[in-house]
Asker: 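Structure in structure tokens, see below.
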Amino acid sequence: MKNSIKVERARHNMTQQDLAESVGVSRQTINSIEAGKYVPSTVLALKIARRFQIALEEIFQLEEND
């Protein structure tokens with residue numbers, strides 16, 4: 001699964017730490033999600049989408065092998 005968290009953070013002028021604090025996880029978790037090393041839970045994915053006020057599908061997209 002790919003994501004555009006880094007792009008959305010840049011659009012909102014947020015650091016990984018800012019996003020992590022706003023959704024209740026560690027900066028390392030946000031870093032792992034951005035790097036594609038960790039797939040967030042549904043709840044966390046929804047929190048991230050809500051934080052950026054965009055649809056879940058605009059941030060997270062399935063890849064062909066998913």
Side-chain angles (χ1 to χ4, degrees):
M1 180 166 60
K2 61 183 178 179
N3 69 76
S4 60
I5 294 175
K6 188 173 184 176
V7 172
E8 292 302 324
R9 279 194 310 101
R11 285 182 43 192
H12 290 82
N13 196 27
M14 295 181 74
T15 65
Q16 288 182 340
Q17 186 67 40
D18 294 336
L19 178 58
E21 289 175 5
S22 71
V23 297
V25 297
S26 69
R27 185 198 60 76
Q28 290 82 3
T29 298
I30 298 299
N31 184 57
S32 293
I33 295 170
E34 285 186 4
K37 297 177 181 174
Y38 175 73
V39 176
S41 69
T42 303
V43 172
L44 179 54
L46 287 168
K47 285 181 178 179
I48 292 169
R50 183 173 59 191
R51 175 60 188 85
F52 293 128
Q53 298 181 326
I54 60 177
L56 185 68
E57 297 84 4
E58 292 181 51
I59 299 178
F60 298 97
Q61 300 88 32
L62 290 175
E63 296 180 289
E64 281 193 32
N65 59 349
D66 287 334

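Sequential numbering from 1 along the given sequence is applied to the chain's residues.
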Asker: If the condition is side-chain hydrogen bond (donor to acceptor under 3.5 Å, both in side chains), which residues does Arg50 pass it with, not counting sequence neighbours?
Answerer: none

Asker: Can you give me the closest heavy-atom contact between Ile5 and Leu19, atom names plus distance?
Answerer: CG2-CD2, 3.6 Å

Asker: For residues 34-47, which residue pairs pass the salt bridge (charged side-chain N to carboxylate O under 4.0 Å, His left out) check, not counting sequence neighbours?
Answerer: Arg9-Glu34

Asker: With a 4.5 Å limit on heavy-atom distance, are the side chains of Phe52 and Arg11 in contact?
Answerer: no

Asker: Do other residues, nucleotides or ligands put more than 12 heavy atoms under 6.0 Å from Asp66 CG?
Answerer: yes

Asker: Which distance, rounded to the nearest 0.5 Å, do you find between the CD1 of Ile48 and the CD1 of Ile30?
Answerer: 4.5 Å

Asker: Which atom names give the shortest non-hydrogen contact between Gln61 and Glu57, and what distance separates them?
Answerer: NE2-O, 3.2 Å

Asker: Please name all residues satisfying side-chain hydrogen bond (donor to acceptor under 3.5 Å, both in side chains) with Gln17, sequence neighbours left out, ordered by chain then number.
Answerer: Glu21

Asker: Quick check for you: to the nearest 0.5 Å, what is the distance between Arg51 atom CZ and Glu8 atom CD?
Answerer: 11.0 Å

Asker: With a cut-off of 6.0 Å (strictly less than), are more than 12 heavy atoms of other residues, nucleotides or ligands near CD of Glu63?
Answerer: yes

Asker: Within this structure, what is the NZ-CD1 distance for the pair Lys6 and Ile33, rounded to the nearest 0.5 Å?
Answerer: 14.5 Å

Asker: Can you find a heavy atom in the side chain of Leu44 that is under 4.5 Å from one in the side chain of Thr29?
Answerer: yes

Asker: What are the two closest non-hydrogen atoms of Ser4 and Glu58, and how far apart are they?
Answerer: OG-O, 3.2 Å

Asker: So Phe60 and Val39, do their side chains get closer than 4.5 Å, heavy atoms only?
Answerer: no

Asker: Met1 and Ile54: same hydrophobic cluster, using ILVMFWY side-chain contacts below 4.5 Å?
Answerer: yes

Asker: Looking at every heavy atom in both Ser22 and Met14, which two are closest together, and how far apart are they?
Answerer: OG-CE, 4.2 Å

Asker: Work out which heavy atom in Ala55 is nearest to a heavy atom in Ala49; give both atom names and the distance.
Answerer: C-CB, 4.3 Å

Asker: Using only atom types and a distance under 3.5 Å, with no angle test, would you say the side chain of Asn31 pairs donor to acceptor with the backbone of Gln28?
Answerer: no

Asker: Tell me whether Val7 shares a hydrophobic cluster with Val23, the cluster being built from Ile, Leu, Val, Met, Phe, Trp, Tyr side chains joined at under 4.5 Å.
Answerer: no

